[in-house]
Amino acid sequence: MEIFRTDRLALRELKASDADAIYQLNHDPGVIRYTSDGPFPTIDEARQFLLNYDAYRSYGYGRWAVIRIADNTFLGWCGLRFSPETGKTDIGFRFQKAFWGLGYATESARGCLEYGFTKLGLPEIVGRAMKVNIASIRVLQKVGMHYDRDFDFDGSEGVLYKIKPADFRA
Ligand SMILES: CC(C)(COP(=O)(O)OP(=O)(O)OC[C@H]1O[C@@H](n2cnc3c(N)ncnc32)[C@H](O)[C@@H]1OP(=O)(O)O)[C@@H](O)C(=O)NCCC(=O)NCCS
């Protein structure tokens, strides 16, 4: 199901047929380097992960596939994740290396913030990154998020960014 479009991108729900694409995504050590994820052992385990992914049903939103409208290419994912432990919603993004540096993370993240605030009525969205993940921090800053504090990112130094609806400009 499509969620929204930006100038160049369509964000839609992830589905089992994305297994090959997300397997390839996490298979690149450069892509998962500053995340707490590992590669999927097999494409079938990636498919199982997608079949079990219940965020859309449980919370009404989650991480979404980012598709380039011009040629229907699966670029990666971006989206909002609700944490029942903290009660907070975070923004996250991950793209195939071939598509880095083209503004796709910024464009899709901005769309997610707009969707989160205007359609979902979220009171705040947070973003987390390892301190060494300059590109990710840059994206959080470019979409208007503000540094809040340092935190422990699975044993690495992490930074927490935040934004409230009043501070968001589409
Ligand atoms: C983080 C990520 C999503 C960024 O995607 P992207 O589409 O390349 O991002 P954008 O093109 O929208 O913007 C990237 C910004 O970071 C800057 N940047 C990238 N690498 C940089 C570096 N090493 N040093 C300084 N700035 C850097 C770019 O110049 C750009 O900023 P600018 O527009 O001011 O020039 C992508 O690198 C990725 O998928 N990384 C692996 C997964 C990951 O780490 N996700 C985040 C986990 S918290």
Side-chain angles (χ1 to χ4, degrees), residues 3-14 18-40 46 49-50 53 55 61-83 85-86 88-117 122 124-163 167-170:
I3 308 300
F4 65 82
R5 285 186 174 214
T6 64
D7 286 351
R8 296 178 293 171
L9 310 170
L11 277 78
R12 62 151 174 80
E13 290 186 352
L14 288 158
D18 295 323
D20 194 36
I22 67 151
Y23 172 83
Q24 297 302 339
L25 188 64
N26 279 21
H27 200 65
D28 182 341
V31 167
I32 55 167
R33 185 166 176 207
Y34 301 134
T35 74
S36 38
D37 292 346
F40 291 102
F49 169 83
L50 290 165
Y53 185 64
Y61 57 91
R63 304 301 199 205
W64 296 304
V66 180
I67 309 297
R68 184 161 60 190
I69 295 166
D71 57 5
N72 220 29
T73 300
F74 180 103
L75 304 176
W77 56 255
C78 180
L80 302 168
R81 182 180 58 136
F82 178 73
S83 162
E85 289 84 31
T86 62
K88 292 185 186 302
T89 297
D90 72 30
I91 186 150
F93 26 72
R94 187 176 303 175
F95 290 87
Q96 295 182 58
K97 211 182 272 163
F99 306 114
W100 288 6
L102 298 169
Y104 292 140
T106 303
E107 185 171 325
S108 50
R110 195 171 273 136
C112 287
L113 294 185
E114 181 170 18
Y115 185 87
F117 291 139
L122 299 174
E124 181 180 80
I125 295 172
V126 303
R128 299 184 183 87
M130 289 184 195
K131 235 176 219 180
V132 286
N133 197 350
I134 310 287
S136 178
I137 294 171
R138 186 77 197 109
V139 172
L140 298 176
Q141 292 168 340
K142 282 200 293 179
V143 298
M145 301 184 82
H146 307 293
Y147 169 81
D148 184 60
R149 60 182 167 86
D150 289 3
F151 78 104
D152 181 277
F153 192 125
D154 298 334
S156 299
E157 285 183 284
V159 283
L160 181 77
Y161 276 68
K162 284 185 172 179
I163 188 167
D167 298 322
F168 177 67
R169 270 170 287 283

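What's counted below: heavy atoms across the whole structure, side chains too, no hydrogens, waters or symmetry copies. Count residues from 1 along the sequence. Atoms within a ligand are numbered from 1 in the order they appear, just like the ligands themselves.
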| request: Please report the C-alpha distance between D7 and R110 in whole Å, then the side-chain angles of each, then the deciding distance to 0.1 Å, and finally whether the salt bridge (charged side-chain N to carboxylate O under 4.0 Å, His left out) criterion is met. | output: CA-CA 11 Å; D7 286 351; R110 195 171 273 136; over 6 Å; no
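The structure places CD1 of I3 at 4.5 Å from CD of E13, a figure rounded to the nearest 0.5 Å. The CG atom of L25 sits 11.5 Å away from atom CG of D20, with the distance rounded to the nearest 0.5 Å. Atom CZ of residue R128 and atom CD1 of residue I137 lie 14.0 Å apart, to the nearest 0.5 angstrom.
The pair D167-K162 fails the salt-bridge criterion, with no side-chain N (NZ, NE, NH1 or NH2) lying under 4.0 Å from an Asp/Glu carboxylate O.
Counting heavy atoms from C-beta outward, Y61 and T89 have side chains that approach closer than 4.5 Å.
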Atom pairs, nitrogen or oxygen, ligand 1 to protein, under 3.5 angstrom:
{"unit_1": "ligand 1", "atom_1": "7 (O)", "unit_2": "A105", "atom_2": "N", "d": "3.0"}
{"unit_1": "ligand 1", "atom_1": "8 (O)", "unit_2": "G101", "atom_2": "N", "d": "2.6"}
{"unit_1": "ligand 1", "atom_1": "11 (O)", "unit_2": "G103", "atom_2": "N", "d": "2.8"}
{"unit_1": "ligand 1", "atom_1": "12 (O)", "unit_2": "T106", "atom_2": "N", "d": "3.0"}
{"unit_1": "ligand 1", "atom_1": "12 (O)", "unit_2": "T106", "atom_2": "OG1", "d": "2.6"}
{"unit_1": "ligand 1", "atom_1": "13 (O)", "unit_2": "K142", "atom_2": "NZ", "d": "3.2"}
{"unit_1": "ligand 1", "atom_1": "31 (O)", "unit_2": "K142", "atom_2": "NZ", "d": "3.4"}
{"unit_1": "ligand 1", "atom_1": "33 (O)", "unit_2": "K142", "atom_2": "NZ", "d": "2.5"}
{"unit_1": "ligand 1", "atom_1": "34 (O)", "unit_2": "R138", "atom_2": "NE", "d": "2.9"}
{"unit_1": "ligand 1", "atom_1": "34 (O)", "unit_2": "R138", "atom_2": "NH2", "d": "3.2"}
{"unit_1": "ligand 1", "atom_1": "39 (O)", "unit_2": "F95", "atom_2": "N", "d": "2.8"}
{"unit_1": "ligand 1", "atom_1": "39 (O)", "unit_2": "F95", "atom_2": "O", "d": "3.4"}
{"unit_1": "ligand 1", "atom_1": "39 (O)", "unit_2": "W100", "atom_2": "NE1", "d": "3.2"}
{"unit_1": "ligand 1", "atom_1": "44 (O)", "unit_2": "N133", "atom_2": "ND2", "d": "2.8"}
{"unit_1": "ligand 1", "atom_1": "45 (N)", "unit_2": "F93", "atom_2": "O", "d": "2.8"}

